[in-house]
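We're numbering straight along the sequence, starting at 1. Only this structure's heavy atoms are used, side chains among them; waters, hydrogens and symmetry mates stay out.
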Amino acid sequence: IHNGLVDRRPALIVRCRTTADVVAGLEFARSAGLEVSVRGGGHNVAGRAVTDGGVMISLADMTDVAVDPASATAVAQAGATWAELNTATGEHGLAVTGGAISTTGIAGFTLGGGLGWLMGKHGLAADNLLAVELVTAAGEVLEVDAGSHPDLFWALRGGGGNFGVVTSFTYRLHPVGMVTGGLIAHPFEAAPELLRFYRDAVADVSDELTVFAGLVHAPDGSGAKLAALVVCHAGDPDAAERELAPFMAFGSPLMTQVGPLAYPVMNTLLDAGYPKGALNYWLSSFTQGLPDALIDTAVERFAAVPSPMSAILLEHFHGAVTRVGPSETAVPHREAGWNLLIPSVWTDP
């Protein structure tokens, strides 16, 4: 799996190719009295894909994605990654909110809610889920949607992976071709001013624009610390230019790489920072606003970070994602604000 920090050994890995294989794997685990884990894309940092001494139901070989442009929907098997789903939907100029890291699996991401570059315009991945095929712990295969199993469908949109093994997802898609996106990097010394500017500047951005801020390390391996903005505008280029102008004009950036990108490419910009096999320990929490004290503490702590791969990220919630009621899905985090993500990443065991 993706996180090299996770070192567990299942007694058996069932490499499923069909839903019937999932049923058989669960039946064996039940009869043997063994714990079950489910591996979708294998990206989950907590390592929940792997059970020690139990049965891993691996969906890694189930990666088919079928796009229906006429109905603007996609049916994707649960082993697919966002790179695979984005490529398939992108061929038709369509997309759904997906992971900002393209190697992330669609399954755990969607079942946990799923925030990404399109959430201001189109909501979370879970908000765009139309149906799933699910195998229950008892081995029953269910077609789950708002009409057939409303309570279960509610729970699957943000409640995580403990309600059964989802073998396929049906998503609502949206017209998304090119976006305007990229990175603006400032010297670390500018971090306090940049983060205060960022807090105020995103207060009234449109649904089309999502801006994340971060205290990061230079990608060249030098270990140099930077303060950065990552931007994605999913509207027309003229509107993007107008709305991004204040972000481009602020301060004295060391680097500005912002321009037209295919949406699937936008989702690869951060991939290099999270290589497969690196050791990961992440924490996150939704903040109460972005007060000066939080900004100052983040800058102070990041100055002493030892690993040149770690970061502190602020992911802005606004727009469509905040217009879904907190009890409409199992994702209660619907207020405008920030998710504070602290991904510790290193390579030396």
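Heavy atoms from other residues, nucleotides or ligands lying under 6.0 Å from CZ of R196 number more than 12. A 6.0 Å sphere centred on CZ of R30 holds more than 12 heavy atoms belonging to other residues, nucleotides or ligands.
By the 4.5 Å heavy-atom criterion applied to side chains, V216 and K225 are not counted as neighbours. Side-chain contact check for D52 versus P10: every heavy-atom pair is 4.5 Å or farther apart. Between F188 and F302 there is a side-chain heavy-atom pair separated by less than 4.5 Å. Using a 4.5 Å cut-off on side-chain heavy atoms (C-beta onward), L269 and M266 make contact. Contact check for L215 versus L195: side-chain heavy atoms found under the 4.5 Å cut-off. With contacts defined as side-chain heavy-atom distances shorter than 4.5 Å, the pair V135/T19 qualifies. Between V96 and R172, every side-chain heavy-atom pair lies at or beyond the 4.5 Å cut-off. Within the 4.5 Å cutoff, the side chain of L26 has heavy atoms near those of the V36 side chain.
Checked against the 6.0 Å centroid criterion, the rings of F286 and F317 qualify as a close aromatic pair. Not less than 6.0 angstrom separates the ring centroid of Y281 from the ring centroid of W346. Under the 6.0 Å cut-off for aromatic ring centres, W282 and Y274 qualify, their centroids lying closer than that. In this structure, F247 has its ring center closer than 6.0 angstrom to the ring center of F197.
Looking at R323 and D207, a side-chain N of the basic residue comes within less than 4.0 Å of a carboxylate O on the acidic one, giving a salt bridge. A salt bridge is defined here as a Lys NZ or Arg NE, NH1 or NH2 lying under 4.0 Å from an Asp or Glu carboxylate O, and D292 with R199 meets this definition. Remark: R15 engages D61 in a salt bridge, criterion side-chain N to carboxylate O under 4.0 Å. Using a 4.0 Å cut-off between charged side-chain N and carboxylate O, R17 and D64 make no salt bridge.
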Original post:
Given the rule in the salt bridge (Lys or Arg N to Asp or Glu O under 4.0 Å) test, do D127 and R334 qualify, once you have shown the distances and angles that lead to the verdict?
Top reply: CA-CA 12 Å; D127 298 334; R334 297 295 184 173; 2.7 Å; yes
Original post:
Could you walk me through whether Q77 and T167 pass the side-chain hydrogen bond (donor to acceptor under 3.5 Å, both in side chains) check?
Top reply: CA-CA 6 Å; Q77 288 186 307; T167 50; over 6 Å; no
**OP:** Dump the intermediate steps for side-chain hydrogen bond (donor to acceptor under 3.5 Å, both in side chains) on D271 and T268, then the final yes or no.
**Re:** CA-CA 5 Å; D271 284 7; T268 66; 5.2 Å; no
**OP:** Apply side chain to side chain contact (heavy atoms under 4.5 Å, CB included) to E315 and L115, showing your working.
**Re:** CA-CA 9 Å; E315 301 173 328; L115 60 89; 3.4 Å; yes
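Proximity of a side-chain donor or acceptor of R8 to a complementary backbone N or O of V50 within less than 3.5 Å is detected.
Atom CG of L124 is separated from atom OG1 of T329 by 7.0 Å, given to the nearest 0.5 angstrom. Separating the CG atom in L229 from the OG1 atom in T256 is a distance of 9.5 Å, to the nearest 0.5 Å.
T180 and E241 are not linked by any side-chain donor-acceptor pair at a separation below 3.5 angstrom, with hydrogens and angles left out of the test. When only modelled atom types and interatomic distance are considered, E335 and T322 share no side-chain donor-acceptor pair under 3.5 Å. Between S148 and D145, the side chains place a donor N or O and an acceptor N or O closer than 3.5 Å (distance only, hydrogens not considered). Counted by atom type alone, H217 and S310 present zero donor-acceptor pairs between their side chains at under 3.5 Å. Between T110 and Y171, the side chains place a donor N or O and an acceptor N or O closer than 3.5 Å (distance only, hydrogens not considered).
Screening residues 253-272 for ring pair (Phe, Tyr, Trp, His ring centres under 6.0 Å) gives no qualifying pairs among residues at least two apart or on separate chains. Among residues at least two apart or in separate chains, there is no salt bridge (charged side-chain N to carboxylate O under 4.0 Å, His left out) pair with a member in residues 69-81.
Every residue was checked against the salt bridge (charged side-chain N to carboxylate O under 4.0 Å, His left out) condition with D236, not counting sequence neighbours, and none meets it.
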